[in-house]
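Numbers here are sequence positions counted from 1.
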Amino acid sequence: MVRRYIPALVLGGVWWWAVLRLLLEPEHTGLVEGAVAAGGWGLSLLPVHVAAAVRPERSSDESGADRADMPT
C-alpha cells in the first residue's frame, strides 16, 4: 500500500518545487518549471468522480431492458 503513495508524494514534491521557484525566483525559472506547474494545476481540475464504479451483476431473469420499457 505504501508503493501507491510514493509516486504521488514525489510528483507532488516536484510540483511544489516548481510553484515555489516560480513564486520566489521568477527571473531564474524556465520552461520546465512553468510546464510542471501548469500541468499539475491542470490535473487538479479533473473531476474525482470519473473513477470506475463497481456495479452489481444482473440476475439471470433480467434481460437488460428497463422495467419502464416493458409492456404491462
Side-chain angles (χ1 to χ4, degrees):
M1 183 144 111
V2 174
R3 285 190 227 165
R4 174 187 291 173
Y5 296 112
I6 291 174
L9 289 173
V10 169
L11 291 175
V14 169
W15 183 80
W16 275 108
W17 166 78
V19 169
L20 289 175
R21 274 196 49 104
L22 283 169
L23 290 175
L24 299 175
E25 298 180 6
E27 64 276 353
H28 296 293
T29 58
L31 183 64
V32 173
E33 288 92 348
V36 169
W41 178 77
L43 285 176
S44 71
L45 297 177
L46 289 174
V48 178
H49 66 274
V50 295
V54 178
R55 298 182 185 204
E57 294 184 19
R58 294 185 173 202
S59 62
S60 61
D61 61 356
E62 292 182 28
S63 64
D66 291 335
R67 298 255 181 215
D69 293 339
M70 297 176 68
T72 55

If you count the non-hydrogen atoms of other residues, nucleotides and ligands that lie under 6.0 Å from CH2 in Trp16, is the total more than 12? no
Of all pairs that satisfy salt bridge (Lys or Arg N to Asp or Glu O under 4.0 Å), the ones with a partner from residues 11-20, not counting sequence neighbours: none
What residues form a side-chain contact (heavy atoms from CB on, under 4.5 Å) with Ile6, not counting sequence neighbours? Val2, Val10
Taking a hydrophobic cluster as the set of Ile, Leu, Val, Met, Phe, Trp and Tyr residues connected by side-chain heavy atoms closer than 4.5 Å, whether directly or through intermediates, do Leu23 and Trp15 fall within one such cluster? yes
With sequence neighbours excluded, give me every side-chain hydrogen bond (donor to acceptor under 3.5 Å, both in side chains) pair touching residues 18-39. Arg21-Glu33
What one should report as the nearest heavy-atom pair of Ala37 and Ala18 is N-CB, 4.2 Å
Applying side-chain contact (heavy atoms from CB on, under 4.5 Å), name anything that partners Val32, two or more places apart in sequence or on another chain. Val36
